[in-house]
Amino acid sequence: MPEDAGSYRYSAVMMGSPILLKLFQPDETLARRVFQLIKQLENLLTVNRSPSQVMAINQAAGRHAVSVSLPVYQLIKLAREASLIPGGCFNFAIGPLVKRWKIGFQGHSVPPADDIARLLPLINPRDIELDDATQSVFLRHVGMEIDLGAIAKGWIADRVQDYLRQQGVDQALINLGGNVQTLGSPPHAHRWNWRVGLQKPFASRETLIGTIDVAAMSVVTSGVYERFFLLNGHHYHHILDPATGYPLDNELLSVTVVSRRSVDGDIFTTLLYGMGIGRGCQMLQGYTDIEAVFVTRDLRVICSSRRLFDFTLTDKQYRMASD
Ligand code: AMP
Ligand code: MG
């Protein structure tokens with residue numbers, strides 16, 4: 001029986017992305033509350049509209065600390081820790097570069113090298129001071145900006161999961177524009193249960209390389225095909241290398257992470273994208289509940305292991321490989 005036999009699907013477009021909620025009891029009111037919650041949480045974190053708590057921190061850069069609500073403070077603390085992982089390229093202080101490139105937004109351009117050199121000193125995560133006692137955040141220099149774009153969806157997906165559990169729901173799937181979080185397993189499934197598509201890079205959203213089967217896990221993908229522009233035959237995508245200020249340039253087209261918490265998936269997709277396959281798989285050996293699927297430019301698919309999921313390749317151009 002298909003995974004979503006007997007499911008009820010509710011959809012919306014939010015944060016510029018399609019959002020899907022799958023339940024196994026019809027509940028229009030619950031779906032509406034979930035979408036409201038997503039909107040509220042996004043309003044706390046956005047860096048593109050005032051007023052948000054993160055915008056308030058950015059606007060006070062170089063001047064004063066700003067106290068924020070506990071959940072936002074905890075997320076910022078997690079983001080800071082992830083930004084200090086040696087060899088990783090996740091950096092939540094990347095804001096000034098993201099704003100300068102505008103990749104995925106109107107007015108994108110390749111900044112002159114001088115501009116990038118000028119902005120690099122403003123993206124040091126160590127220059128973001130946190131104070132637990134006052135739950136406040138201070139950016140030391142004028143021009144610094146926090147950007148939680150890489151992890152907002154994962155964090156929100158986890159909050160939706162918490163909310164659904166509180167409401168007594170124990171079988172559901174939420175897809176926040178490619179960040180999938182699942183509760184339990186579908187009623188009619190056996191073995192691995194939810195089937196999540198692995199998108200084929202540069203093809204339509206519905207075209208898949210294969211499928212990932214999981215139960216009670218999050219599945220998050222970061223890909224260079226998600227937001228990019230082309231100029232003079234060059235492909236500039238939205239994951240920036242904090243060391244150079246330019247889009248990360250390596251063998252990878254996408255990284256998918258299977259984890260319990262979606263926010264971890266979101267952090268690790270960016271971290272692993274920067275580390276590459278060899279170092280990435282090595283790092284994952286230290287984590288029992290995080291796994292990855294890498295897709296390379298030369299059409300290989302590599303799974304770090306398959307303890308937490310099952311993968312089925314369906315596209316004939318790609319082949320399974322080991323690192
Ligand atoms: P995702 O769609 O989860 O891969 O996140 C991409 C977004 O993360 C970008 O649009 C930027 O807002 C932000 N970003 C870009 N480069 C980095 C980086 N090196 N570390 C953290 N966030 C980044
Ligand atoms: Mg992410």
Side-chain angles (χ1 to χ4, degrees), residues 14-19 42 45-49 52 54-55 58 75-76 78-108 111 116 119-120 122-125 128 144-158 175-181 199 201 205 218-229 236-250 252-259 261-276 280 290 292-295:
M14 305 173 90
M15 305 187 276
S17 309
I19 314 278
E42 195 223 345
L45 303 183
T46 183
V47 288
N48 297 317
R49 276 190 319 278
S52 86
V54 178
M55 285 279 278
N58 290 346
L75 179 63
I76 287 176
L78 181 69
R80 190 176 187 277
E81 281 162 18
S83 302
L84 299 179
I85 293 177
C89 77
F90 178 87
N91 181 347
F92 82 130
I94 198 92
L97 282 168
V98 172
K99 286 280 166 69
R100 183 63 188 84
W101 278 92
K102 293 199 176 81
I103 297 172
F105 292 89
Q106 286 216 322
H108 58 238
I116 291 189
L119 293 173
L120 283 174
L122 294 175
I123 65 159
N124 186 348
I128 300 184
M144 288 183 71
E145 281 194 41
I146 288 178
D147 182 330
L148 300 175
I151 54 170
K153 282 190 204 153
W155 182 73
I156 293 173
D158 291 338
N175 184 344
L176 294 183
N179 269 62
V180 174
Q181 180 56 289
Q199 203 184 317
R205 269 197 182 271
S218 153
V219 183
V220 176
T221 298
S222 264
V224 302
Y225 53 83
E226 277 165 5
R227 269 182 275 154
F228 65 91
F229 65 92
Y236 296 95
H237 65 82
H238 69 315
I239 308 169
L240 301 176
D241 183 347
T244 64
Y246 287 83
L248 261 158
D249 188 13
N250 63 17
L252 295 170
L253 288 180
S254 73
V255 178
T256 299
V257 171
V258 178
S259 56
R261 292 197 312 177
S262 201
V263 72
D264 291 332
D266 237 350
I267 289 172
F268 270 77
T269 46
T270 309
L271 267 181
L272 294 169
Y273 186 79
M275 285 186 176
I290 303 182
V293 181
F294 300 89
V295 175

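Ligands are counted one by one from 1 in listed order, and the atoms in each one are counted from 1 as well.
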Start with the C-alpha gap between Asn58 and Lys99, add the side-chain angles, then the distance that decides, and say whether side-chain contact (heavy atoms from CB on, under 4.5 Å) holds. CA-CA 12 Å; Asn58 290 346; Lys99 286 280 166 69; 5.5 Å; no
Close-contact set for ligand 1 against Asp266 heavy atoms, below 4.0 Å: 3 (O)
Taking only residues two or more places apart in sequence or in another chain, which ones pass ring-ring contact (aromatic ring centres under 6.0 Å, His included) with Tyr225? none
Under 2.8 Å from the Mg ion (ligand 2), how many protein N/O/S atoms do you get? Just the number, please. 2
Does the residue Thr269 have a heavy-atom contact with ligand 1, meaning some pair of atoms that are separated by less than 4.0 Å? no
Nearest heavy atom to atom 1 (P) of ligand 1, choosing from Gly274, Ser222, Gly223, belongs to Ser222
Would you say ligand 1 has an N or O under 3.5 Å from any N or O of Ile94? no
Please round to the nearest 0.5 Å and tell me the distance separating atom CD1 of Ile151 and atom OG1 of Thr269. 10.0 Å
For Asp147 and ligand 1, does the shortest N/O to N/O distance drop below 3.5 Å? yes
Heavy atoms, side chains only, cut-off 4.5 Å: are Trp155 and Leu45 in contact? yes
Could you list which atoms of ligand 1 come closer than 4.0 Å to a heavy atom of Phe90? 20 (N), 21 (C)
To check you understand the geometry: which heavy-atom pair defines the closest contact between Arg261 and Ser259, and what is its length? O-OG, 2.7 Å
Numbering as shown, the atoms of ligand 1 that approach Arg227 to under 4.0 Å (heavy-atom distance): 10 (O)
Test your reading of the model: is there a side-chain donor-acceptor pair from Asn91 to the backbone of Pro242, 3.5 Å cut-off? no
Within-4.5 Å side-chain heavy-atom neighbours: Ser17 and Leu176: no
At a non-hydrogen distance cut-off of under 4.0 Å, which region of Ile103 contacts ligand 1 (side chain, backbone, both, or neither)? neither
Can you list the atoms of ligand 1 that are under 4.0 Å from a heavy atom of Cys89? 18 (C), 19 (N), 20 (N)
A student checking ligand 1 against Asn91 at a 4.0 Å heavy-atom cut-off should list atoms 18 (C), 20 (N), 21 (C), 22 (N)
When you look at Val255 and Phe268, which way does the side-chain contact (heavy atoms from CB on, under 4.5 Å) test go after all the steps? CA-CA 9 Å; Val255 178; Phe268 270 77; over 6 Å; no
If you count the atoms of ligand 1 from 1 in the order shown, which ones are under 4.0 Å from a heavy atom of His238? 2 (O), 4 (O), 6 (C), 9 (C), 10 (O), 15 (C), 16 (N)
Would you call the rings of Tyr236 and Trp101 parallel, tilted or perpendicular, taking 30° and 60° as the class edges? tilted
Do Ala150 and ligand 1 have an N or O pair less than 3.5 Å apart? yes
So the atoms of ligand 1 within less than 4.0 Å of a heavy atom of Glu226 turn out to be 2 (O)
